[in-house]
Amino acid sequence: MKGKIIFISGSTDGIGKQAALELAKQGAYIIIHGRNEDKTMKTVDFIKSESKNKNVDFVLADMSSFQQIRSMSEALHERYEKIDVLVNNAGAQIHEFQNSEDGYELSFAVNHLAYFLTTSLLLDLVAKSEYKRIVIVSSGMHFRVEKLDFDVLDGKTEYNLYNNYAHSKVANIMFSYKLSRLLKDTGVTVNCLHPGLVNTNLNPRRPQHIVDRAIPVEEGNISTMRLVTDPELKRVTGKYFTSDGTEVESSPATYNLDDQEKLWSLCEEYIGEKFPKFPS
Ligand SMILES: NC(=O)c1ccc[n+]([C@@H]2O[C@H](COP(=O)([O-])OP(=O)(O)OC[C@H]3O[C@@H](n4cnc5c(N)ncnc54)[C@H](OP(=O)(O)O)[C@@H]3O)[C@@H](O)[C@H]2O)c1
């Protein structure tokens with residue numbers, strides 16, 4: 001991965017931080033993304049010293065804010081001609097109903113609208129690279145959803161941490177599938193994954209029996225690392241991978257084309273702009 005420029009959202013902790021470390025050790029040029037400057041700087045220092053790789057940059061943005069995502073994209077465009085891999089990873093399990101500053105249910109905003117907006121803003125930089133990979137971190141929790149309920153995404157139903165989170169993760173997969181079709185003749189690949197049940201800060205209130213089953217973050221990175229690095233996946237796009245890095249089917253709900261289209265239009269409406277056409 002020497003010299004490849006890799007942006008990982010949510011790389012100040014958990015799976016994203018571990019991926020950043022492993023990729024830095026392989027010689028990649030890493031762009032850490034965080035929302036807290038102090039934590040982000042500490043992460044940059046940690047990765048530089050552990051990997052012995054000085055090529056570690058950072059950007060800041062709270063992913064619940066469209067304005068901050070846009071400013072982050074401007075900073076990246078000022079600094080970089082291209083990005084080889086965009087990893088959409090930042091995510092949260094949110095315990096109480098809240099709206100984002102833009103007025104959307106917070107888990108939908110952070111876990112999905114941020115992926116959609118970040119990808120739309122950075123697609124031109126990925127397209128300019130040789131490597132051209134977009135990786136989307138979803139979750140096996142999406143299997144809980146039998147059919148995407150847009151009222152859940154809109155925060156119109158009674159808030160439930162797991163149901164709302166699972167819906168946002170279905171949205172990730174649907175986005176990944178539709179985007180891969182749009183980009184199929186461009187060389188840009190889009191794949192999504194479940195990292196496994198991993199011992200991270202995603203939900204500090206996880207019940208003990210779940211914590212007991214969770215794997216350490218060093219083992220919870222297999223699918224992310226495969227999608228970023230495996231040369232065999234150069235032309236593979238529009239697929240879902242499970243925690244051991246194998247390609248599997250996602251839930252039937254995620255393949256619903258009408259819902260994929262409806263979700264796409266909804267996201268465009270919410271971010272207030274059309275997803276860009278692939279640069280010719
Ligand atoms: N852990 C699991 O068992 C598991 C299972 C399936 C899927 N996943 C997915 O894996 C991804 C990574 O999660 P993780 O388990 O590594 O969790 P984590 O340890 O809590 O890390 C989440 C990362 O996202 C960042 N983040 C959260 N909310 C943000 C916001 N509003 N703005 C900017 N950054 C924000 C966090 O920043 P801070 O450092 O500032 O908090 C952190 O860097 C998520 O998409 C999650 O849904 C995890």
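Both V85 and L125 belong to a single network of hydrophobic side chains, linked directly or stepwise wherever heavy atoms of I, L, V, M, F, W or Y lie under 4.5 Å apart. A single hydrophobic cluster is seen to contain both L179 and L233, as judged by linkage of ILVMFWY side chains at heavy-atom distances under 4.5 Å, directly or through other members. Connection of L193 to I134 is established within a shared hydrophobic cluster, with ILVMFWY side chains joined at heavy-atom distances below 4.5 Å, either directly or through further cluster members.
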Anything under 3.5 Å between a donor and an acceptor, one on a side chain of residues 171-178, the other on a protein residue two or more places apart or in another chain? List them.
{"residue": "N172", "atom": "OD1", "partner": "K169", "partner atom": "NZ", "Å": "3.2"}
{"residue": "N172", "atom": "ND2", "partner": "N111", "partner atom": "O", "Å": "2.9"}
{"residue": "N172", "atom": "ND2", "partner": "H112", "partner atom": "ND1", "Å": "3.1"}
{"residue": "N172", "atom": "ND2", "partner": "S168", "partner atom": "O", "Å": "3.2"}
{"residue": "Y177", "atom": "OH", "partner": "S250", "partner atom": "OG", "Å": "2.5"}
{"residue": "Y177", "atom": "OH", "partner": "Y255", "partner atom": "OH", "Å": "3.3"}
{"residue": "K178", "atom": "NZ", "partner": "E261", "partner atom": "OE1", "Å": "3.1"}
{"residue": "K178", "atom": "NZ", "partner": "E261", "partner atom": "OE2", "Å": "3.4"}

Does the side chain to side chain contact (heavy atoms under 4.5 Å, CB included) test come out yes or no for M72 and L121, once each step is laid out? CA-CA 10 Å; M72 174 185 82; L121 294 171; over 6 Å; no
Quick one: do T119 and N88 satisfy side-chain hydrogen bond (donor to acceptor under 3.5 Å, both in side chains)? Show the steps, please. CA-CA 8 Å; T119 308; N88 284 296; 2.9 Å; yes
Side chain to side chain contact (heavy atoms under 4.5 Å, CB included), that's the test. Do Y240 and E249 meet it? Break it down for me. CA-CA 6 Å; Y240 173 79; E249 298 238 314; over 6 Å; no
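Across R35 and D62, no two heavy atoms sit closer than the pair CB-CA, 4.0 Å. Looking at every heavy atom in both residues, I47 comes nearest to A20 through CD1-CB, 3.6 Å. The two residues L202 and Y165 come nearest to each other via the heavy atoms CD2-OH, 3.6 Å.
In this structure, the side chain of N89 engages the main chain of S9 through a donor-acceptor pair within 3.5 Å. Listed for the S100 side chain is a donor-acceptor partner under 3.5 Å among the backbone atoms of D102. K239 places no side-chain N or O within donor-acceptor distance of the main-chain N or O of V236, the cut-off being under 3.5 Å. With hydrogens and angles disregarded, a donor-acceptor distance shorter than 3.5 Å links the side chain of S71 to the backbone of Q67. For S223 (side chain) and H194 (main-chain N/O), a donor-acceptor pair under 3.5 Å exists by modelled atom type. Remark: side-chain polar atoms of Y131 are paired, donor with acceptor, to backbone N or O of V228 under 3.5 angstrom. Not one N or O on the side chain of S73 forms a donor-acceptor pair closer than 3.5 Å with the backbone of I69. Checked by atom type and distance alone, the side chain of H142 pairs as donor or acceptor with a backbone atom of S251 at under 3.5 Å. A distance-only check finds no donor-acceptor pair linking the side chain of E105 to the backbone of D154 [under 3.5 Å]. Of the possible polar contacts, one joining the N191 side chain to the G238 backbone as a donor-acceptor pair under 3.5 Å is found.
Residues V152 and N164 form a side-chain contact, since some pair of their non-hydrogen atoms from C-beta on lies under 4.5 Å apart. Taking the side chain as every heavy atom from C-beta outward, S64 and L106 approach each other to under 4.5 Å. Residues F7 and V126 have side chains not in contact (no heavy-atom distance under 4.5 Å, counting atoms from C-beta outward). Inter-residue side-chain proximity for T229 and Q26 is flagged as met; some heavy-atom pair is nearer than 4.5 Å. Residues Y115 and M63 are not in side-chain contact: their nearest non-hydrogen atoms beyond the backbone lie 4.5 Å or more apart. Between S120 and I271 the shortest side-chain heavy-atom distance falls below 4.5 Å. Side-chain contact check for T43 versus K17: some heavy-atom pair is nearer than 4.5 Å. Under the 4.5 Å side-chain criterion, counting only non-hydrogen atoms from C-beta, I30 is not in contact with N55.
Salt bridge annotation for R226-D230: present, with a cationic side-chain nitrogen under 4.0 angstrom from a carboxylate oxygen. Residues D84 and K132 are not paired through a salt bridge, judged by the lack of any N-O separation under 4.0 Å between the basic side chain and the carboxylate. Of the charged side-chain nitrogens involved, none lies within less than 4.0 Å of a carboxylate oxygen, so that E37 and K42 do not count as a salt-bridged pair.
Aromatic ring centres of F275 and F116: separated by under 6.0 Å.
One finds the CG atom of L122 at 14.5 Å from the NZ atom of K82 (value rounded to the nearest 0.5 Å). Once rounded to the nearest 0.5 Å, the distance linking CE of M141 with CG of L197 reads 10.0 Å. We find the CE-OG1 distance between M41 and T12 to be 13.0 Å, quoted to the nearest 0.5 Å. The CG atom of L23 lies 4.5 Å from the CD1 atom of I6; values are rounded to the nearest 0.5 Å.
Side chains of Q18 and E22: a donor-acceptor N/O pair is present below 3.5 angstrom, by distance only. In this model, a donor atom of one side chain and an acceptor atom of the other lie less than 3.5 Å apart for Q208 and D212. Side-chain atoms of Q260 and W264 form no donor-acceptor pair, as typed in the model, at a separation below 3.5 Å. Remark: the Q93 side chain and the R206 side chain contain no N/O donor-acceptor pair separated by less than 3.5 Å. Judged by distance alone, the side chains of Y80 and D57 do bring a donor and an acceptor atom under 3.5 Å apart.
Of the candidates I215, V217, N221, I215 is the only one forming a side-chain contact (heavy atoms from CB on, under 4.5 Å) with E219.
Figure legend: cation-pi geometry between K4 and Y29 absent, as NZ or CZ is not positioned both under 6.0 Å from the six-membered ring centre and within 45° of its axis.
Surrounding NZ of K147 are more than 12 heavy atoms belonging to other residues, nucleotides or ligands, all under 6.0 Å away. Atom NZ of K184 has 12 or fewer heavy atoms from other residues, nucleotides or ligands within 6.0 Å.
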